[in-house]
Amino acid sequence: MIKRIFSGIQPTGNLHLGNYLGAITNWVAMQHDMPSIFCIVDLHAITVAQDPVALRAGTRDMAAALIACGIDTDKAILFHQSAVREHTELAWILNCTARMGWLNRMTQFKDKAGKDKEGASVGLFTYPVLQAADVLAYKATHVPVGDDQKQHLELMRDIAQKFNTDFGRQIFPLPEPIIPKTAGRIMSLRDGSAKMSKSDASDMSRINLTDDADSIVAKIRKAKTDAEALPDNAADLKNRPEAENLVVIYACLNKISVDAVLAEWAGQGFGAFKAKLAERLVETLAPITSELVKLQADIPHIDAVLAKGADAARAIVAPVLAEVRSVVGFL
Ligand code: TRP
């Protein structure tokens, strides 16, 4: 079985440090280990209302951000989902494999639909089936995702298994999730109990990839902490979520463990630590930001890169869909 990575990301405009350290650095590292396919999931985006102009801009911005962060489009395949129709076609077929009972258990649907379940789109309900189709259309074996996607990955494996059993053929491999330790661990700079998020009302809560050096320094200086010094062991960070968050960010940026950070900083206050952290952030993000700004200004280039990615993606999914159509019994 060929090993292959597939992952998807919503075209929700600007990336922040949480996306970068939680997911993207991981994608960038993995693209060298296995053939990798990264998809900007605009079909998933329309499961909730979208402004068409903002959706198009968000898709291009996400492509630019991923390239700026180090996705190498000569190595990995980068494309937007709606350009490859096989995603939609396989999603329909798998809608007929997935069971209502399975989807009824999806917690993300309940969270996203909120109180108005009756008013949610049918697409939002079958969102995880489209996600299964994304991965299975490539017979992908590994799926790097955040910990919030665990349940969707389990569903994907159930769908693959049932399809294989129903038709008596090993068509789809059962994809393995790859969940990095840092996934979902980068928290708001204002509230250590909330994830860093694009939708947080306060821009001070997050570091955007488009932030300049001055705002990065200001945001870290104003980041919430407590009055105590840095401890000498990780256990003592337990009830200090804001302190822990800054230490985790520092560890990720330097690719060292939390213990190694504390070995260096134990007993010191947050003043000096924050200054060093801001310096490392600026050092890491400045080249990404300048590349991002350049790419955002070159829409024809972004569109050409995405078109090339879509061609490469189609070449992989076309034979898989031919096989699926045949086992299902389509003439
Ligand atoms: N639902 C995923 C998220 O919100 C995005 C996604 C869509 C995805 N299709 C995928 C992730 C396929 C992994 C594989 O993060």
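All values reported here derive from a predicted model rather than from experimental measurement.
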query = So Asp42 and Thr59, side chain to side chain donor-acceptor pair (under 3.5 Å) or not? Walk me through it.
reply = CA-CA 7 Å; Asp42 50 0; Thr59 303; 4.7 Å; no
ask   = Nearest heavy-atom pair of His32 and Lys75: which atoms, and what distance?
value = ND1-CD, 3.6 Å
query = Roughly how far apart are Leu174 CG and Gln161 CD, rounded to 0.5 Å?
reply = 5.0 Å
task = Give me the ring orientation class for Trp265 and Tyr250: parallel if the planes are under 30° apart, tilted from 30 to 60°, perpendicular past 60°.
result = perpendicular
message = Please say yes or no: joined through hydrophobic side-chain contacts below 4.5 Å, possibly via intermediate residues, are Phe172 and Leu321 part of one cluster?
response = yes
note = All heavy atoms of Ile171 vs all of Asn164, minimum pair found to be N-OD1, 3.1 Å
ask   = With distance as the sole test, does Gln151 use its side chain to make a donor-acceptor pair with the main-chain N or O of Arg105 at under 3.5 Å?
value = yes
ask   = Looking at OH of Tyr20 and CD1 of Ile288, how far apart are the two atoms once the value is rounded to the nearest 0.5 Å?
value = 3.5 Å
task = Using a cut-off of 6.0 Å, state whether more than 12 heavy atoms not belonging to Arg56 lie near its atom CZ.
result = no
ask   = Ile159, Phe125: one ILVMFWY side-chain cluster at the under-4.5 Å cut-off?
value = yes
message = Could you report the tightest heavy-atom contact between Asp72 and Gln31, atom names first, then the distance?
response = N-OE1, 2.9 Å
task = Might you work through the side chain to side chain contact (heavy atoms under 4.5 Å, CB included) test for Glu89 and Arg325, ending with a clear yes or no?
result = CA-CA 10 Å; Glu89 187 182 355; Arg325 278 186 213 114; 2.8 Å; yes
remark   = Between Pro144 and His142 the two heavy atoms that sit nearest each other are CD-O, 3.7 Å
query = Roughly how far, to the nearest 0.5 Å, is the NZ atom of Lys198 from the CZ atom of Arg206?
reply = 9.5 Å
inquiry  = With a 6.0 Å cut-off (strictly less than), is the heavy-atom count around NZ of Lys110, excluding the residue itself, greater than 12?
reply    = yes
key: Polar side-chain atom of Asn254 near backbone of Ile256 as donor-acceptor pair, under 3.5 Å   = no
message = Classify the ring geometry of Phe270 against Phe273: parallel below 30°, tilted from 30° to 60°, perpendicular beyond 60°.
response = perpendicular
task = Establish whether Ile40 and Leu43 are linked, either directly or via other cluster members, by ILVMFWY side-chain heavy-atom contacts under 4.5 Å.
result = no
ask   = Using the benzene-type ring in the case of Trp, are the ring centres of Phe109 and His152 under 6.0 Å apart?
value = no
request  = Can you establish whether the number of heavy atoms outside Lys3 located under 6.0 Å from its atom NZ is more than 12?
outcome  = no
message = For Asp203, is there an ion pair with Lys219 - N to carboxylate O distance below 4.0 angstrom?
response = yes
ask   = Yes or no on side chain to side chain donor-acceptor pair (under 3.5 Å) for Ser188 and Asp191, after CA distance, side-chain angles and deciding distance?
value = CA-CA 5 Å; Ser188 157; Asp191 173 2; 5.9 Å; no
Inter-residue atom distance Asn26.CG - Ile178.CD1, 0.5 Å rounding = 7.5 Å
message = Counting only heavy atoms from other residues, nucleotides and ligands, does the tally under 6.0 Å from CG of Asn239 exceed 12?
response = no
task = For Leu124 and Ala113, work out which heavy atoms get closest and say how close.
result = CD2-N, 4.1 Å
inquiry  = If I take atom OG1 from residue Thr47 and atom CD from residue Gln10, how far apart are they, to the nearest 0.5 angstrom?
reply    = 6.5 Å
query = Is there a donor-acceptor pair closer than 3.5 Å between any side-chain N or O of Lys308 and the backbone N or O of Thr73?
reply = yes
key: Atom of Ala98, atom of Val129 and distance for their closest heavy-atom approach   = CB-CG2, 3.9 Å
query = To the nearest 0.5 Å, what is the distance between CE (Met156) and CD (Glu176)?
reply = 12.0 Å
inquiry  = Between Tyr138 and His87, is the ring-ring contact (aromatic ring centres under 6.0 Å, His included) condition met? List the steps.
reply    = CA-CA 10 Å; Tyr138 297 83; His87 288 248; 5.5 Å; yes
